[in-house]
Amino acid sequence: MSWNLEEAVSYYQQQGAPGNQSALISMLREVQQENGGKIPIGIPTAIAQAYGVKESLLLAIIRRIPSLRLADGHCLELCAGPNCGKQTALAALAEKESPGKFALKYVPCMRLCGKGPNLRWDGVLYQHADAALLRRLIGENCK
Ligand code: FES
């Protein structure tokens, strides 16, 4: 089973997050570890919304802990598994739009094939993705 933010939010809530800052820090460490050594820039927003806290709280924690690092720019991860990978129009749109705007990565099957095509934008999972969703994400984030 691949890592996903929703499960992490639920797990660390059981550990006391967001009130318990140790639980929040452990969660941020896990996010960083699961995302190649940097916290995707959309993750603090998603965590703040999930817990009903201010994003500035999470950004302050990230700044305060030297081992935590926020990614520099936007990142789109497209599932290239056997089901989602058939969505060549989505990949073609991503390839066309990415230069100078966001990093584009192809990742193995996210193990959510029944809800594909799947993508992650700044670490946040989107299911049943289509060109309209991708255009909206780019428009909202890459001005
Ligand atoms: S092919 Fe995309 S989740 Fe499996």
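Ligands are counted one by one from 1 in listed order, and the atoms in each one are counted from 1 as well. Computed from heavy atoms alone, side chains included, the values below leave out hydrogens, waters and symmetry copies.
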>> Can you give me the closest heavy-atom contact between L5 and A46, atom names plus distance?
In response: CD2-CB, 3.6 Å
> Which bit of N118 gets closer than 4.0 Å to ligand 1, counting heavy atoms only: side chain, backbone, both or neither?
Replying inline: side chain
> atom 2 (Fe) of ligand 1 as vertex, arms to SG of C84 and SG of C79: angle to 10°?
Replying inline: 110°
> When you check the side-chain N and O atoms of E30 and Y11, is any donor under 3.5 Å from an acceptor?
Replying inline: no
>> Check whether H74 reaches the backbone of C142 with its side chain - one donor and one acceptor, N or O, closer than 3.5 Å.
In response: no
> Checking Q87 side chain against D130 main chain: does a donor-acceptor pair fall under 3.5 Å?
Replying inline: no
> Just which atoms of ligand 1 are under 4.0 Å from any heavy atom in C113?
Replying inline: 1 (S), 3 (S), 4 (Fe)
> Considering only heavy atoms of P82, which atoms of ligand 1 have at least one such atom less than 4.0 Å away?
Replying inline: 1 (S)
> Just which atoms of ligand 1 are under 4.0 Å from any heavy atom in C109?
Replying inline: 1 (S), 3 (S), 4 (Fe)
> Can you check whether V9's main-chain N or O pairs, donor with acceptor, with Y51's side chain at less than 3.5 Å?
Replying inline: yes
